[in-house]
A.B. asks: 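Have a look at the structure that comes next, please.
No hydrogens, no waters, no symmetry mates; every other heavy atom, side chains included, goes into these values.
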Amino acid sequence: MWNDLLKRQNQTVFWFTVVVFAWVFTNALTTNAQDDFKNTELRKNNEKAADLLKNAKNEASKERFDAALDYATRALGYLENKEPAYFERGKIYTAKKDFESAVKDFNECIKIEANRAIYYNARAVAFWGLKRYDEAIADLTEVIRLSPQSVAAYEARANAYYQIKLYDEVVIDMTEAIGLERKPGHYRLRASAFREMKDYDNAIQDFTHAIEMNPKSAEIYVERGNTYLLMANFDDALRDAKSALQQDPKSDEAKKLETEAAKKSAEKPPQ
């Protein structure tokens, strides 16, 4: 009797084990099949989105912005990670000068990935287009935090500071930029800020550096000449006007400087 009971119990355990194993195996197969299907669909969607974004870039390069926006918007529907489509569409809105829509798309990029300098830089460009310089400065500050060696970010922020007449901040940013890369434009912008601050000696020094690096620029000679006018140094102003006209004989600004410098020099009482 006990032997029969043990035998039946062992048979029950055996068949229970078989059933459980079969259920686990079948469920694993189903899960794997579902995962394979999901991965296949994901791959197809990513490929479709990539094609749409490629078409969007192509249309944008031809300034067919409405078609480009349509492609980029359709790409959003295929992507789980929508960053690339929002970014591409934001750039298209910027090129179309629809800066408000560009800001919204770059906002979405930043929500998804808050530590990418490229998104803050792109949004700063859109804020600049809206003349929201304070917000552009905030974004460029974030770019500099994330990419401390970004010369372009210092340049852009200095220009934004110039727009809101924070000339001391322009000087600070251009000094940083010059420390990273010496360019005529850096000295020229810093000189303009010094001139607005009535620090004419430093302005002349920076304009001179810019001229040494780019001696064929009529505009820089004119800017230095106008600074000499503010200093009542009319002879040097006249020399800069003539140098500017040598580089660009049609320059109206150089002609105006020459006329004014000559007049002021003639009116100046003899020493």
Side-chain angles (χ1 to χ4, degrees), residues 30-164 173 177 180-181 185:
T30 302
T31 302
N32 288 339
Q34 290 174 342
D35 288 344
D36 288 345
F37 178 77
K38 184 177 179 181
N39 290 335
T40 300
E41 285 299 300
L42 185 62
R43 186 179 67 254
K44 287 181 179 178
N45 286 343
N46 287 339
E47 289 173 355
K48 182 65 175 176
D51 286 340
L52 288 167
L53 290 176
K54 182 179 179 180
N55 290 335
K57 291 177 184 178
N58 184 52
E59 293 297 316
S61 70
K62 298 173 183 175
E63 298 188 358
R64 296 201 287 254
F65 298 123
D66 289 337
L69 288 171
D70 179 64
Y71 281 123
T73 301
R74 286 164 57 195
L76 280 168
Y78 288 97
L79 291 170
E80 284 192 19
N81 176 14
K82 301 183 185 298
E83 273 181 79
Y86 277 124
F87 186 56
E88 193 60 39
R89 194 172 68 171
K91 290 191 294 181
I92 296 165
Y93 278 130
T94 300
K96 193 182 178 184
K97 301 191 187 312
D98 183 354
F99 300 117
E100 290 284 3
S101 296
V103 166
K104 290 177 183 177
D105 274 358
F106 296 136
N107 286 346
E108 294 299 324
C109 292
I110 291 168
K111 284 180 188 176
I112 297 168
E113 179 49 74
N115 288 312
R116 291 200 66 187
I118 192 171
Y119 295 153
Y120 292 100
N121 191 70
R123 191 171 67 176
V125 172
F127 280 138
W128 181 282
L130 293 166
K131 298 184 179 181
R132 287 158 59 177
Y133 300 117
D134 287 337
E135 288 162 290
I137 288 166
D139 273 355
L140 290 164
T141 300
E142 192 65 14
V143 173
I144 290 167
R145 183 184 73 81
L146 293 166
S147 300
Q149 303 298 308
S150 176
V151 175
Y154 281 112
E155 290 173 355
R157 192 171 70 173
N159 275 289
Y161 279 132
Y162 197 91
Q163 293 297 319
I164 60 176
D173 272 0
L180 293 167
E181 183 180 359

A.B. asks: Using a strict threshold of under 4.0 Å (side-chain N to carboxylate O), is an ion pair present between Glu47 and Lys44?
C.D. replies: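 The answer is no: the pair does not qualify as a salt bridge.
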
A.B. asks: Within the structure provided, determine whether Asp66 and Lys96 are in side-chain contact (heavy-atom separation under 4.5 Å).
C.D. replies: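 Yes, side chains in contact.
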
A.B. asks: Considering only heavy atoms from C-beta outward, does the side chain of Tyr161 approach that of Ile137 to under 4.5 Å?
C.D. replies: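 With C-beta onward as the side chain, the pair touches.
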
A.B. asks: Which value, rounded to the nearest 0.5 Å, describes the distance between Thr141 atom OG1 and Asp173 atom CG?
C.D. replies: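 Separation between the atoms: 8.0 Å.
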
A.B. asks: I'd like to know whether Asn46 forms a side chain to side chain contact (heavy atoms under 4.5 Å, CB included) with Tyr78, so could you lay out the CA-CA distance, the side-chain angles of the two residues, the decisive distance to 0.1 Å, and finally the verdict.
C.D. replies: CA-CA 7 Å; Asn46 287 339; Tyr78 288 97; over 6 Å; no

A.B. asks: Could you tell me if Tyr119 and Arg116 have a donor-acceptor pair between their side chains, going purely by distance under 3.5 Å?
C.D. replies: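 Per modelled atom types, Arg116 and Tyr119 side chains form a pair under 3.5 Å.
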
A.B. asks: Apply side chain to side chain contact (heavy atoms under 4.5 Å, CB included) to Ala122 and list each qualifying residue two or more places apart in sequence or on a separate chain.
C.D. replies: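 Scan of Ala122 (side chain to side chain contact (heavy atoms under 4.5 Å, CB included), adjacent residues dropped) gives Phe87, Phe106.
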
A.B. asks: Please, which pairs that meet side chain to side chain donor-acceptor pair (under 3.5 Å) have at least one residue in residues 99-111, sequence neighbours excluded?
C.D. replies: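 Sorted result for residues 99-111: Arg89-Asp105, Asp98-Ser101, Asn107-Arg123, Glu108-Lys111.
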
A.B. asks: Mind checking the CD-CD1 spacing from Gln149 to Ile144? Nearest 0.5 Å is all I need.
C.D. replies: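 Nearest 0.5 Å value for the CD-CD1 distance: 11.0 Å.
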
A.B. asks: What pair of heavy atoms forms the shortest contact from Ala177 to Val151, and how long is it?
C.D. replies: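 Reported closest heavy-atom pair: CB-CG1, 4.5 Å.
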
A.B. asks: Given 3.5 Å as the limit, does a donor-acceptor pair link the side chain of Asn58 with the main chain of Lys54, or not?
C.D. replies: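 No, Asn58 side chain to Lys54 backbone: no donor-acceptor pair under 3.5 Å.
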
A.B. asks: Please lay out, stage by stage, how Arg145 and Asn115 fare under the test side chain to side chain contact (heavy atoms under 4.5 Å, CB included).
C.D. replies: CA-CA 10 Å; Arg145 183 184 73 81; Asn115 288 312; 3.6 Å; yes

A.B. asks: For the atom pair CG (Leu52) and CD (Glu88), what is the distance rounded to the nearest 0.5 Å?
C.D. replies: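 Answer rounded to 0.5 Å: 11.5 Å.
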
A.B. asks: If you compare all heavy atoms of Ala114 against all heavy atoms of Tyr120, which two are closest, and at what distance to 0.1 Å?
C.D. replies: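 Nearest heavy atoms, Ala114 then Tyr120: O-OH, 2.8 Å.
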
A.B. asks: Count the heavy atoms of every other residue, nucleotide or ligand shown that sit under 6.0 Å from NZ of Lys82, and state whether that count exceeds 12.
C.D. replies: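 Counting neighbours around NZ of Lys82, more than 12 heavy atoms of other residues, nucleotides or ligands fall under 6.0 Å, so yes.
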
A.B. asks: So, for Ala102 and Ala126, which heavy atoms are closest and what is the spacing to 0.1 Å?
C.D. replies: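 Here Ala102 and Ala126 meet closest at CB-CB, 4.0 Å.
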
A.B. asks: Can Leu79 and Asn45 be said to form a side chain to side chain contact (heavy atoms under 4.5 Å, CB included), step by step?
C.D. replies: CA-CA 7 Å; Leu79 291 170; Asn45 286 343; over 6 Å; no

A.B. asks: Evaluate side chain to side chain contact (heavy atoms under 4.5 Å, CB included) for Trp128 paired with Tyr133, printing each intermediate quantity in order.
C.D. replies: CA-CA 6 Å; Trp128 181 282; Tyr133 300 117; 3.8 Å; yes

A.B. asks: Indicate the atoms forming the closest heavy-atom contact of Leu53 with Pro84, along with that distance.
C.D. replies: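 Reported closest heavy-atom pair: CD1-CB, 4.1 Å.
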
A.B. asks: Measuring only between side-chain heavy atoms, which start at C-beta, is Leu69 closer than 4.5 Å to Arg74?
C.D. replies: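 Not touching, per the 4.5 Å side-chain cut-off.
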
A.B. asks: What is the minimum heavy-atom distance between Ala72 and Ile92, and which atoms define it?
C.D. replies: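 Residues Ala72 and Ile92, closest heavy atoms: CB-CD1, 4.3 Å.
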
A.B. asks: Is Ser147 reaching over with its side chain to a backbone N or O of Ser150, donor-acceptor style, under 3.5 angstrom?
C.D. replies: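 It does not hold such a pair.
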
A.B. asks: Do Asp139 and Asn121 come close enough that some side-chain heavy atom pair is under 4.5 Å?
C.D. replies: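 Not in contact.
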
A.B. asks: Working to the nearest 0.5 angstrom, can you tell me the gap between Phe65 CZ and Glu59 CD?
C.D. replies: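 Here the rounded value is 11.0 Å.
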
A.B. asks: Quick check for you: to the nearest 0.5 Å, what is the distance between Ile112 atom CD1 and Glu83 atom CD?
C.D. replies: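 Those atoms lie 5.0 Å apart.
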
